[in-house]
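Shown next, in structure tokens, is the structure this report addresses.
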Amino acid sequence: MAEKIRFNGLSFVFDLGDFAVEAKKFTLDITDNTTQAKRKGRPDGVLIGDVEASGTITVDRTGLKAFSDAAAKAGSFQEIPTFDINSHAQAGNDEFKVEVFGCKVKLSKLLDVDTSSTDETEFELPFVVTSPDFVKIDGTPYNRIIENEK
């Protein structure tokens with residue numbers, strides 16, 4: 001029996017819009033406020049809730065320089081335009097793809113220096129998802145897009 005190949009961090013490739021950035025670490029968190037409906041204090045159906053997503057891109061100095069260059073071109077870090085993030089991984093015959101739309105990046109933890117460490121300095125760039133296209137997982141939207149939103 002052939003050994004099954006599993007995903008790990010080395011399996012993933014990230015495309016950050018027009019940025020030629022290699023992420024050291026990437027996180028994406030989705031908050032889905034879907035809840036149960038109640039009638040007379042008892043569960044009675046589902047109420048589709050609002051959604052939001054955010055994450056963090058961790059980069060080295062080269063990655064931060066790419067964002068610095070984009071900020072200089074835009075006029076400031078706050079004016080960097082939104083971009084889409086496409087991440088995909090391949091493990092044997094299995095492929096995993098996550099698309100994130102309309103990411104607005106911010107800066108956080110600009111300096112976190114440990115003078116006794118020999119580890120490479122990393123920079124965290126948190127982002128929020130701003131597009132109604134939101135997130136797709138393996139090509140399937142996370143949430144239903146309401147037609148009059150587009």
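In this chain, residues are counted from 1 in sequence order. Being a predicted model, the structure only gives us computed values, none of them experimental.
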*Pick one: which of Thr115, Val113, Asp119 meets side chain to side chain contact (heavy atoms under 4.5 Å, CB included) with Ser117?*
Asp119
*Kindly say whether Glu122 contributes a backbone atom to a donor-acceptor pair with the side chain of Asp60 at under 3.5 angstrom?*
no
*Glu95 side chain vs Lys97 backbone, donor-acceptor pair below 3.5 Å*: no
Minimum heavy-atom separation for [X] to [Y], with atom names?
| X | Y | result |
| --- | --- | --- |
| Cys103 | Val100 | SG-CG1, 3.5 Å |
| Ser68 | Arg61 | OG-NH1, 4.4 Å |
| Ala53 | Val135 | CB-CG2, 4.4 Å |
| Pro81 | Ala74 | CD-CB, 4.4 Å |

*Could you go step by step and tell me if Leu107 and Leu125 meet the side-chain contact (heavy atoms from CB on, under 4.5 Å) rule?*
CA-CA 5 Å; Leu107 288 180; Leu125 305 169; 2.9 Å; yes
*Which residues pass the salt bridge (Lys or Arg N to Asp or Glu O under 4.0 Å) test with Glu120, sequence neighbours left out?*
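Here the qualifying residues are Lys24.
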*Who passes salt bridge (Lys or Arg N to Asp or Glu O under 4.0 Å) against Glu124, sequence neighbours left out?*
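Here the qualifying residues are Lys109.
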*Phe134 vs Val51, side-chain contact (heavy atoms from CB on, under 4.5 Å): CA-CA, chis, key distance, verdict*: CA-CA 9 Å; Phe134 198 56; Val51 294; 3.8 Å; yes
Which value, rounded to the nearest 0.5 Å, describes the distance between [X] atom [atom1] and [Y] atom [atom2]?
| X | Y | atom1 | atom2 | value |
| --- | --- | --- | --- | --- |
| Glu99 | Thr140 | CD | OG1 | 10.0 Å |
| Ile57 | Lys25 | CD1 | NZ | 13.0 Å |
| Ser54 | Lys104 | OG | NZ | 15.5 Å |
| Phe26 | Thr58 | CZ | OG1 | 10.0 Å |

*Among side-chain atoms of Ser116 and Asp114, is any donor-acceptor pair under 3.5 angstrom?*
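Indeed, the side chains of Ser116 and Asp114 share at least one donor-acceptor pair under 3.5 Å.
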Using the rule that two of Ile, Leu, Val, Met, Phe, Trp, Tyr join whenever any of their side-chain heavy atoms come within less than 4.5 Å, decide whether [X] and [Y] are in one cluster.
| X | Y | answer |
| --- | --- | --- |
| Phe127 | Phe83 | yes |
| Val128 | Phe77 | no |
| Phe123 | Phe67 | yes |

_Candidate pair Phe96 and Gln90, rule side-chain contact (heavy atoms from CB on, under 4.5 Å), full reasoning_ = CA-CA 7 Å; Phe96 179 58; Gln90 187 83 31; over 6 Å; no
Side chains of residues 27-37: which donor-acceptor pairs under 3.5 Å do they make with residues two or more places apart or in other chains?
residue	atom	partner	partner atom	Å
Thr27	OG1	Thr56	N	3.0
Asp32	OD1	Thr34	N	2.9
Asp32	OD1	Thr34	OG1	2.6
Asp32	OD2	Tyr142	OH	2.7
Asn33	ND2	Asp50	OD1	3.0
Thr34	OG1	Gly49	N	3.2

*Is Lys73 salt-bridged to Asp69, cutoff N-O under 4.0 Å?*
no
